[in-house]
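One structure below.
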There are 2 protein chains.
Amino acid sequence: MSEFTTLDHENLSTAVYNALCDGLMQGRFQPGDRLKIRDLAEQFGTSVTPIRDAILRLAHDEAITFRSPRDIRIPQMREARYREIRAIRIRLEGLAAETAAHTATRTQIDLLENILRDNEKALAEGDRRKGSALNQSFHFMLPQIAGLPVLTGVLRRLWLQMGPLIADSYLQGGRTMIDYHYPVVEALKRHDGAGAAMAIIDDIQLGGQAVLANVLAHDGVAVNA
Amino acid sequence: MSEFTTLDHENLSTAVYNALCDGLMQGRFQPGDRLKIRDLAEQFGTSVTPIRDAILRLAHDEAITFRSPRDIRIPQMREARYREIRAIRIRLEGLAAETAAHTATRTQIDLLENILRDNEKALAEGDRRKGSALNQSFHFMLPQIAGLPVLTGVLRRLWLQMGPLIADSYLQGGRTMIDYHYPVVEALKRHDGAGAAMAIIDDIQLGGQAVLANVLAHDGVAVNA
DNA sequence: ACGCCACAGATGATGCATCATATTGCGCAT
DNA sequence: ATGCGCAATATGATGCATCATCTGTGGCGT
């Protein structure tokens, strides 16, 4: 857990929150890691107040938990919880893909294809962090194309909870993390809502097998590390 | 907006947050109402810090918004947003009902029927606030029966955004707010997942027509129900 | 030697002082 | 009389001091 980059503009609490979110999504925190408000305040160069605000928000998102009143930690994803989140994502990202198929413009589809191209490159170069970020970008493009801001927010929270897990799993995912994205784009081009929904569901279930395997490895009985 | 009851136990911020949530769900705030941290601190008898924490959380939930950096208000629900939330609820409460149908025990079904009975009584007595609360209880029993805590949290947030609207709409809803609940319970008794999902979707769409009418009356152009 | 208790350090919660800024209202000039 | 501008006030943001509590270690007693 190295230092964080500068916190620009607007609101300190929000800036810290965003920085911590990024850290979470990039796998800079491991499950079990403990966060200390004073330490973070020092790292960010602020007082404890904005850090506390950010921590509270993250805790509200269940992206971090208070193991005891004074022990703030990155939680371990349990299998049941992952399966539940996956079931929710299937419903919601399915909705996003279906709607996006009806509204997607040529420009937006080009954007998606650019993401895929960049992702291929990241994969070829073995840049996991970038690949993971692009995978996420792809998924979040769908509710955005669909024009569903509330859905975007809900999904963001779910991804936040999966953050440390996803970042870790992407390493083992390999091509399966991207292969299933192509049928999604194809369905969008055909304005095929049902097809797009099925394609993204495939991605979540099949492409996400590496994630599930990762959960099982950590959650199951033998919890080492 | 009268005074709030005592804030017991644990964490002041959380207590204030919960109190404000309750206020929101009970329709004690109207869209456009302005919240002032110092005033609330006085009403709750705390310093501004816990109030600020709670406000921040509510803002994060988009249950309240910062119109300007210093102007905290209850937002007006717009039609597009309501439709989006409804679409999400259809997916998610459908999932909850379907799962609940497979897992519901006799005891849990009894609980649901108790809620319906109380709701009938509240309706007969014209106790709208109680009726609205029981309606909410019914909906939240489903993800709870299904054993889906993450889903419960997601739905809670969505309901929070609809809080002032729902409380207001229940007045005009009349029996349609409860009629569609009975088929849900019947489907649960039959362990009919698809039936339960369809029944709750009916409730959201048909029972919720009063809500939509309410949104339309306040929001954009005067469209009919 | 082992176990219990006490004290010190750590750490989040709370309260509050201060700051920056936006809003509002009054006064002055035209 | 009206409009512009300045100042007073309101109000959220930030920082920080203090408090309560938990943790862990070391010493004392058995």
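Bear in mind that the values here come from a model prediction, so they are computed numbers and not experimental data. Each chain gets a letter, A, B and so on, in the order the sequences are listed, and its residues count up from 1.
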Can a donor-acceptor pair be found, under 3.5 Å and without considering hydrogens, that links the side chain of [X] to the backbone of [Y]?
X: B:Arg73; Y: B:Thr65; value: no
X: A:Gln108; Y: A:Thr105; value: yes
X: A:Glu79; Y: A:Val215; value: no
X: B:Asn11; Y: B:Ser13; value: yes

Exercise. Under the side-chain hydrogen bond (donor to acceptor under 3.5 Å, both in side chains) criterion, do A:Asp168 and A:Asn214 qualify, and how do the steps go?
Worked result: CA-CA 8 Å; A:Asp168 196 40; A:Asn214 197 353; 3.2 Å; yes
Between [N] ([atom2]) and [X] ([atom1]): distance, integer Å:
X: B:Tyr17; N: C:dA13; atom1: OH; atom2: P; answer: 17 Å
X: B:Asn11; N: D:dA20; atom1: CG; atom2: C1'; answer: 14 Å
X: A:Arg38; N: D:dC19; atom1: CZ; atom2: C1'; answer: 11 Å
X: A:Ile37; N: D:dC16; atom1: CD1; atom2: P; answer: 15 Å
X: A:Leu40; N: C:dG12; atom1: CG; atom2: C1'; answer: 13 Å
X: B:Lys36; N: D:dA13; atom1: NZ; atom2: P; answer: 15 Å
X: A:Phe66; N: C:dG12; atom1: CZ; atom2: C1'; answer: 8 Å
X: A:Glu42; N: D:dG15; atom1: CD; atom2: P; answer: 14 Å

Exercise. Can a side chain N or O of B:Ser13 be found less than 4.0 Å away from OP1 or OP2 on C:dA13?
Worked result: no
Exercise. Parallel, tilted or perpendicular for A:Tyr17 and B:His60, by the 30°/60° rule?
Worked result: perpendicular
Problem set entry | Closest nucleotide among C:dA13, D:dG15, C:dG15 to the B:Leu12 side chain | C:dG15
Problem set entry | Nucleic acid contacts - residues 47-57 of chain A versus DNA chain D, non-hydrogen atoms under 4.0 Å | A:Ser47, A:Thr49, A:Pro50
For this session: Find out whether A:Ile72 and A:Lys36 are in side-chain contact, i.e. whether some heavy atom of one side chain is under 4.5 Å from a heavy atom of the other.
Result: no
For this session: Would you mind telling me which residue lines up with the more 5' stretch of DNA chain D, A:Arg70 or B:Asp71, judged by nearest nucleotide?
Result: B:Asp71
